[in-house]
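Counting starts at 1 for both ligands and their atoms, following the listed order. Computation of the quantities below employed the complete heavy-atom set of this structure, encompassing side-chain atoms and omitting hydrogens, waters and symmetry-equivalent molecules.
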Amino acid sequence: MKIAIGSDHVGFELKQTIKAYLEELGHEVTDFGPFEASRTDYPIYGEKVAKEVASGAYPAGILICGTGVGISISANKVAGIRAVVCSEPYSAKLSKEHNNTNILAFGSRVVGEDLAKMIVSAWLDAEFEGGRHAKRVEMIRSIENE
Ligand code: RB5
């Protein structure tokens, strides 16, 4: 799968680790930065990755900041984005199955490398179930038009 990835400075090291992990799994990963760990601002990268996903260029995005909160809030400001911030695999899986999330976020100050990999795998392996959930996801989309 083509995956867009981004972080802020706090999430930079974990981004490098997760990028390598995704490549090991056979995914095609594009890194939207940052490319060094100096201080920066999470909305820059949340917006970049979100716009790539919203455009359809990438079916999935992964974002990492200190908590995953700021960068997911930023991504969710872009129309068509359903970004979830997760610190365990169960919510990651259900967020895909029920909410059809297209961006996964987590925090490098919250989860370690192994847990982050489990969260990523749970999210990527899950599939949207459609059915009754499709109507609700459509209701979310309609809020964007209000
Ligand atoms: C940066 O200090 C920190 O605020 C950021 O990484 C993130 O946790 C924000 O939600």
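Hydrophobic clustering, with ILVMFWY side chains joined whenever heavy atoms are under 4.5 angstrom apart, keeps Ile140 apart from Val78.
With Asp41 contributing its side chain and Ile44 its backbone, the two residues share no donor-acceptor pair below 3.5 Å.
Counting protein heavy atoms only, atom 8 (O) of ligand 1 is closest to Thr67 N, 3.0 Å. Counting protein heavy atoms only, atom 5 (C) of ligand 1 is closest to Asp8 OD2, 3.2 Å.
Interface of Gly70 with ligand 1, defined as ligand atoms under 4.0 Å from a residue heavy atom, comprises 9 (C), 10 (O). Using a 4.0 Å cut-off to heavy atoms of Val10, the atoms of ligand 1 that qualify are 1 (C), 6 (O). The contact set between ligand 1 and Arg109, taken as ligand atoms under 4.0 Å from a residue heavy atom, comprises 2 (O), 3 (C). For ligand 1 and Tyr42, the ligand atoms under 4.0 Å from any heavy atom of the residue are 5 (C), 9 (C).
Taking the ring axis of Phe32 as reference, the NZ or CZ atom of Lys48 does not stay both within 45° of it and closer than 6.0 Å to the ring centre.
The aromatic rings of His98 and His133 lie parallel to each other, with less than 30° between the two planes, well short of the 60° mark.
Around atom OH of Tyr90, no more than 12 heavy atoms belonging to other residues, nucleotides or ligands sit under 6.0 Å away. In Lys77, the NZ atom is not crowded: 12 or fewer heavy atoms of neighbouring residues, nucleotides or ligands sit closer than 6.0 Å.
In terms of N/O distances under 3.5 Å, ligand 1 is not approached by Ile71.
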